[in-house]
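First the structure, in the form of structure tokens, and then the observations on it.
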Amino acid sequence: MQLSERMRRLTCLVTEGNRLADVGTDHGYVPIALVKAGRIPSAVAMDVNRGPLARARAHIRESGLSTYIETRLSDGLAQLEPGEAETVMIAGMGGMLTIRILENGAHCLDTVQELVLQPQSDIRRVREWLRNHGRLTTAEDIVEEDGKYYPMLKAVRGRERPLTEADLCYGKAEVQRSPETLRRYLQAGLAENRKILETLRAHGRAGTDRGLQVAEQIDRLTAVLAETVRPDVGGAVKGGCSYNEMQ
């Protein structure tokens, strides 16, 4: 079993010794890697679809880990009981679906210590939800894989400092583990928005709501690149986990 870079980074956000609930487990690779590496004692691998859950169950059985990883057919966190997991992971889903899963999982989240999230969209709304629900972001990471960027984060119970718009959109720089990858992501976004603005100007639409919105985004990206992404922030193996452990 070979984990993708994105999956390896997710495993390194899970606190060692925690029990994991992996929502939307798909093939079950993340809990298998974590248990095999001895980083977690057990896991519940959950999926809303029977097909992926059957694949996960087969992979778990082939790895000889059926005693340590339980599979459950579950819509989000519906089948997770309070006190069964210290870490909940929700990765590879849209941001609004991630929020829905968290809101519908209120029955068990009070006993969950940390959330490891990798939304595929609407990450600003996810960060805003976490702030408004008493969750403090303690780690941010971002992976470039096959030409796409995948931001991810870890949040624990706690009081968040006031967040700027840049914090909500791109994460807190002081907890970013991959600042150079984030810089490339921001630079790509800046180039894309500048191209859009040039097109709008060519059609006399720079002063429209859309043009003003793009110009504001350019200003925000420029400011983040200049002031908040620092080379001394974070590190690829921060938090006591080597990505090479997870294979």
Side-chain angles (χ1 to χ4, degrees), residues 4-6 8-10 12-13 90-99 102 115-133 135-155 160-239 243:
S4 68
E5 182 68 6
R6 178 178 67 90
R8 283 200 297 272
R9 299 291 187 92
L10 284 166
C12 286
L13 290 175
I90 308 173
M93 302 182 196
M96 299 311 295
L97 176 55
T98 299
I99 290 171
L102 292 171
L115 304 171
V116 174
L117 309 175
Q118 187 264 299
Q120 299 281 62
S121 62
D122 295 309
I123 194 167
R124 184 200 180 282
R125 293 190 179 185
V126 172
R127 291 193 182 101
E128 191 172 37
W129 188 94
L130 292 170
R131 178 197 63 187
N132 293 341
H133 288 79
R135 294 282 173 169
L136 169 69
T137 300
T138 58
E140 292 265 1
D141 206 347
I142 183 168
V143 175
E144 183 180 4
E145 193 173 84
D146 298 327
K148 296 182 180 180
Y149 290 91
Y150 298 92
M152 58 191 73
L153 59 87
K154 173 164 68 175
E160 184 64 271
R161 66 164 172 77
L163 297 178
T164 66
E165 184 63 21
D167 293 330
L168 289 170
C169 290
Y170 309 113
K172 299 187 299 184
E174 67 267 25
V175 297
Q176 176 57 244
R177 296 185 174 190
S178 302
E180 290 307 314
T181 304
L182 178 61
R183 181 179 293 275
R184 293 195 300 273
Y185 171 69
L186 295 171
Q187 288 171 335
L190 184 58
E192 180 181 356
N193 278 276
R194 283 173 172 167
K195 185 175 181 181
I196 293 171
L197 188 58
E198 287 176 7
T199 301
L200 291 171
R201 282 174 176 161
H203 291 82
R205 298 180 57 201
T208 63
D209 288 345
R210 173 60 173 155
L212 295 173
Q213 182 183 46
V214 173
E216 182 181 356
Q217 180 74 345
I218 289 171
D219 289 344
R220 185 180 300 122
L221 285 162
T222 301
V224 173
L225 277 165
E227 299 176 12
T228 66
V229 183
R230 306 190 308 272
D232 61 323
V233 174
V237 191
K238 191 172 180 181
Y243 299 146

Donor-acceptor contacts under 3.5 Å from residues 201-221 side chains, at least two apart:
residue	atom	partner	partner atom	Å
His203	ND1	Thr199	O	2.8
Thr208	OG1	Arg205	O	2.6
Thr208	OG1	Gly211	N	3.2
Arg210	NH1	Gln213	OE1	3.3
Glu216	OE2	Arg220	NH2	3.2
Gln217	OE1	Arg220	NH1	2.7
Gln217	NE2	Tyr170	OH	2.9

From Arg9, Arg177, Lys154, residue fulfilling salt bridge (charged side-chain N to carboxylate O under 4.0 Å, His left out) relative to Asp141: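 Passing option: Arg9.
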Least distance between heavy atoms, [X] atom then [Y] atom:
{"X": "Val224", "Y": "Ala166", "result": "CG2-CB, 3.4 Å"}
{"X": "Ser121", "Y": "Gly94", "result": "OG-CA, 3.5 Å"}
{"X": "Leu10", "Y": "Ala91", "result": "CD1-CB, 3.7 Å"}
{"X": "Leu136", "Y": "Lys172", "result": "CD1-NZ, 3.7 Å"}
{"X": "Pro119", "Y": "Gly95", "result": "CB-CA, 4.0 Å"}

Results of side-chain contact (heavy atoms from CB on, under 4.5 Å) for Glu145 - residues two or more places apart only: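 For Glu145, the residues satisfying side-chain contact (heavy atoms from CB on, under 4.5 Å) (neighbours in sequence not counted) are Ser4, Glu5, Arg6, Val143, Tyr150.
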Lys/Arg N to Asp/Glu carboxylate O, Glu160 vs Arg135, below 4.0 Å: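 No, no charged N to carboxylate O under 4.0 Å.
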Working to the nearest 0.5 Å, report the span between [atom1] of [X] and [atom2] of [Y].
{"X": "Leu163", "Y": "Thr137", "atom1": "CG", "atom2": "OG1", "answer": "7.0 Å"}
{"X": "Ser178", "Y": "Arg183", "atom1": "OG", "atom2": "CZ", "answer": "13.5 Å"}
{"X": "Leu115", "Y": "Leu153", "atom1": "CG", "atom2": "CG", "answer": "8.5 Å"}
{"X": "Ile123", "Y": "Leu117", "atom1": "CD1", "atom2": "CG", "answer": "8.5 Å"}
{"X": "Tyr185", "Y": "Leu225", "atom1": "OH", "atom2": "CG", "answer": "11.5 Å"}

Could you list the donor-acceptor pairs under 3.5 angstrom formed between side-chain atoms of residues 189-197 and any protein atom two or more places apart in sequence or on another chain?
residue	atom	partner	partner atom	Å
Asn193	ND2	Gly189	O	2.8

Student check: side-chain heavy atoms of Val175 and Thr138 closer than 4.5 Å: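 No, their side chains stay 4.5 Å or more apart.
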Ile142 vs Arg184, side-chain contact (heavy atoms from CB on, under 4.5 Å): CA-CA, chis, key distance, verdict: CA-CA 10 Å; Ile142 183 168; Arg184 293 195 300 273; over 6 Å; no
Thr164/Leu168 under side-chain contact (heavy atoms from CB on, under 4.5 Å): CA gap, chis, key distance, verdict: CA-CA 6 Å; Thr164 66; Leu168 289 170; over 6 Å; no
Residues which pass side-chain hydrogen bond (donor to acceptor under 3.5 Å, both in side chains) with Gln120, listed by chain and number, not counting sequence neighbours: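 So Gln120 forms a side-chain hydrogen bond (donor to acceptor under 3.5 Å, both in side chains) with Gln118.
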Residues in side-chain hydrogen bond (donor to acceptor under 3.5 Å, both in side chains) contact with Glu165, at least two apart in sequence or another chain: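 Arg124.
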Under the salt bridge (charged side-chain N to carboxylate O under 4.0 Å, His left out) test, residues paired with Arg161 that sit two or more places apart: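 For Arg161, the residues satisfying salt bridge (charged side-chain N to carboxylate O under 4.0 Å, His left out) (neighbours in sequence not counted) are Asp167, Glu174.
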